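The model shown is predicted, which means the values in this text are computed figures rather than measured ones. Every chain is numbered from 1 and lettered A, B, ... according to where its sequence line falls, protein lines coming before strand lines.
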Amino acid sequence: MLRLYDTATGAVAPLEPRDPGSVGLYVCGPTVYGPPHVGHGRFVLVYDVLRRYLEHTGLAVRHVSNVTDVDDKIIARASTEGRDWREVAAESEQQWWATMDAMGVLRPTEVPHATGYVEEMVDLVAALVERGVAYEVGDGVYLACDAVDGYGLLAHQDIETLRASAGARLAVADEKRSPVDFALWKKAKPGEPTWGSPFGHGRPGWHTECVVMSLALLGDGFDVHGGGLDLVFPHHENERAQAVALGRPFARRWVHNGLVTVGGEKMSKSLGNVTDLAEIVASSDPRAYRLLVLRAHYRSPLEVGAPTLADASSALARVDELARRLDAVGREMPQDGERAPGSGGGRAASALADAEAVAFADAMDDDLATPRALAGLLGAVRRANSLLDRRDVAGGAALGRAALDLLGVLGIARRLAEEADEGVLDIVRRRDAARADRDFATADNLRAELESRGWVVEDSPDGTKVRR
RNA sequence: GGCGGCGUGGCCGAGUGGCUUAGGCAAGGGCCUGCAAAGCCCUGUACCCGGGUUCGAUUCCCGGCGCCGCCUCCA
């Protein structure tokens with residue numbers, strides 16, 4: 001069984017689902033006001049792999065990830081660009097999915113939009129007011145955090161400390177009773193999108209959006225709530241506060257992924273080091289970024305840059321090379337190739353494959369230790385290549401296929417080979433003819449020609465092979 | 001100031017009280033090759049500093065130094 005770290009307790013513990021056989025996972029999704037960056041890419045990949053692994057172990061996963069489609073930043077951008085806020089949100093969301101699809105990320109099973117749940121949000125705010133834990137002032141409705149049992153659970157600080165900390169930093173200008181209180185409902189300002197409510201026209205606060213959507217779709221006491229480490233406080237703390245104030249059980253487990261650094265620092269607009277995710281997907285194999293992300297533990301910080309991406313790309317090339325070799329082997333061998341006749345090594349070979357699967361599960365069950373899982377798999381890739389080099393086709397194929405299958409669980413499936421067109425094949429044939437004539441000067445010129453067209457040229461007993 | 005975390009070989013990045021002390025990339029040597037490419041084999045003797053605990057610490061404890069994140073919108 002998967003053991004996962006819980007931010008609330010600071011300990012690793014088995015993930016025991018509320019409903020046997022299935023897991024409800026809520027992940028805070030993007031606010032759609034601009035193009036996705038590598039930080040978004042990391043959180044999406046982390047939870048994509050969590051989901052894939054849970055499904056691999058036979059659990060049904062209900063994976064809910066919201067889109068925040070009304071927010072200060074969306075409104076601000078629409079305003080400066082003189083456009084409708086809905087248009088900005090829709091366009092950004094389209095960009096989001098295009099990039100995620102390119103990265104091979106599974107779409108969440110449900111994608112609630114904040115604007116689709118405003119009525120429920122109003123109801124929730126009203127219920128909190130009715131219970132006397134929320135109060136209305138001039139610019140909105142706030143939650144009185146003092147009334148919340150265990151406020152500070154995720155921040156690992158008591159409310160007095162949080163109050164002092166917030167009070168010291170914020171020039172208190174609004175009408176909140178306490179600096180830690182937060183807006184459930186923001187009353188309308190001129191030119192902003194609004195909805196009607198018992199507290200006047202306005203829009204919901206961010207923290208209210210997520211608590212409403214997660215409970216609406218996954219129900220009380222759902223299994224896992226995830227998001228970036230930077231959402232722990234105040235966002236998740238405040239989501240939880242609302243549920244607690246209502247007397248509803250909230251997430252049973254809190255999972256947070258580490259942040260991406262660029263040049264050793266967190267990405268931020270003020271530092272000017274925000275790396276566009278779409279650029280990475282366009283300029284390199286999207287699986288390279290996935291590999292990079294999985295090579296670090298999900299709770300550690302991760303350095304992303306051209307050098308680390310190039311590094312991951314090279315590692316991936318070796319995996320793909322094995323896949324190509326196995327394809328070739330598959331054509332020469334019967335399809336039940338693991339037990340190829342006359343090899344005699346079949347049983348030992350499948351034992352080797354089983355051992356890989358066990359090691360993989362051990363690593364993954366240990367708080368999603370993808371670095372260890374990957375280390376094992378990449379080692380298996382090398383050993384499989386080694387067996388194939390030594391003509392142990394049965395052993396190499398069994399081990400190699402096992403490794404590739406398990407890499408597939410992580411979303412690092414093999415890339416489809418690109419077919420060479422007739423013009424390229426013509427050069428290949430001329431080069432083979434030249435090599436047969438031992439006219440190496442001509443052969444080398446033709447190889448240079450192929451390489452200049454972007455093909456990697458490899459000689460084999462069957463003649464020139466090209467790939468890219 | 002409070003809270004959380006980190007400092008590992010050229011780079012990225014796991015991990016561990018001693019045992020064969022990840023993995024990847026890069027580098028050097030080798031096998032293979034007409035030469036390459038790809039693949040494989042071999043090599044590197046790393047754990048911020050100072051104390052302490054211990055038979056033994058990179059790993060545990062204390063203290064420093066440096067760095068990062070959160071405490072305000074943020075994946």
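Spacing between B:rU20 and B:rC55 at atom P, rounded to whole Å, works out to 23 Å. Only the P atoms considered, B:rG44 is 13 Å distant from B:rG23, to the nearest whole Å. Nucleotides B:rC3 and B:rA57 place their P atoms 31 Å apart, quoted to the nearest Å. Rounded to a whole angstrom, the distance from the C1' atom of B:rU21 to that of B:rC62 is 26 Å.
Using modelled atom types, one finds a donor on one side chain and an acceptor on the other under 3.5 Å when comparing A:N238 with A:Y151.
Donor-acceptor pairing under 3.5 Å, judged by distance alone, is present between the side chain of A:R435 and the base of B:rG34. Judged by atom type and distance alone, A:D71 does not reach the base of B:rC73 through any side-chain donor-acceptor pair under 3.5 Å. You'll find a donor-acceptor pair under 3.5 Å spanning the side chain of A:S165 and the base of B:rC71, going by distance alone. Between the side chain of A:D230 and the base of B:rG69, no donor-acceptor pair of N or O atoms lies under 3.5 Å.
In this structure, A:R431 reaches the bases: a heavy-atom distance under 4.0 Å links it to at least one base atom across the strands shown. Looking at heavy-atom distances under 4.0 Å, A:R467 makes contact with sugar-phosphate atoms alone, never a base. Among the heavy atoms of the strands lying under 4.0 Å from A:R318 are primed sugar atoms or P, OP1, OP2 only; no base atom is included. Nucleic acid contact class of A:S460 (heavy atoms, under 4.0 Å, all strands): none. Nucleic acid contact class of A:V44 (heavy atoms, under 4.0 Å, all strands): none. Among the protein residues, A:F440 comes within range of the nucleic acid bases, having at least one heavy atom under 4.0 Å from a base atom. Within 4.0 Å of A:N385, counting heavy atoms only, lie sugar-phosphate atoms of the nucleic acid but no base atom. Residue contacts for A:V232: at a heavy-atom cut-off of 4.0 Å it reaches no nucleic acid atom on any strand shown. Using a 4.0 Å heavy-atom distance criterion, A:G379 is classed as making no nucleic acid contact. Residue contacts shown for A:R390 are absent, as no nucleic acid heavy atom lies under 4.0 Å away. The residue A:E303 sits close only to the backbone: its heavy atoms come under 4.0 Å of sugar-phosphate atoms, none of a base. Within 4.0 Å (heavy atoms only), A:L229 reaches no atom of the nucleic acid at all. Within 4.0 Å (heavy atoms only), A:H235 reaches no atom of the nucleic acid at all.
Here B:rC60 sits opposite B:rG52 as a Watson-Crick or G-U wobble pair (both hydrogen-bonding atom distances under 3.5 Å). Base pairing analysis places B:rC67 opposite B:rG5; the two distances defining the Watson-Crick or G-U wobble pair are each below 3.5 Å. Across all strands shown, the partner of B:rC31 is B:rG39, judged by Watson-Crick or G-U wobble contacts whose two distances both fall under 3.5 Å.
For A:Q157, the listed nucleotide lying nearest its side chain is B:rG2; candidates were B:rG2, B:rC71, B:rC12. Minimum atom distance to the side chain of A:D389 is reached by B:rC40, of the listed B:rC40, B:rA75, B:rA26. Proximity note for A:R447 (side chain, C-beta onward) versus B:rC40, B:rC35, B:rG13: the nearest is B:rC35. Side-chain proximity of A:D459 to the nucleotides B:rG34, B:rG39, B:rG24 is greatest for B:rG34.
Between A:H207 and A:H236, the ring centre distance reaches or exceeds 6.0 Å.
Separating the CZ atom of A:R372 from the C1' atom of B:rG13 is a distance of 14 Å, rounded to the nearest angstrom. A:L378 has its CG atom 11 Å from the P atom of B:rC40, to the nearest Å. Taking atom CZ of A:R383 as the reference point, atom C1' of B:rG39 lies 16 Å away to the nearest angstrom. Atom pair A:R324:CZ and B:rG39:P shows a separation of 9 Å (rounding to whole Å applied).
Counting non-hydrogen atoms of other residues, nucleotides and ligands closer than 6.0 Å to CG of A:D149 gives a total of 12 or fewer.
Taking the centre and axis of the six-membered ring of A:Y142, the NZ or CZ atom of A:R177 falls outside the cone set by 45° and 6.0 Å.
A donor-acceptor pair is defined here as one N or O able to donate and one able to accept, closer than 3.5 Å; such a pair exists between the side chain of A:R42 and the backbone of A:L259.
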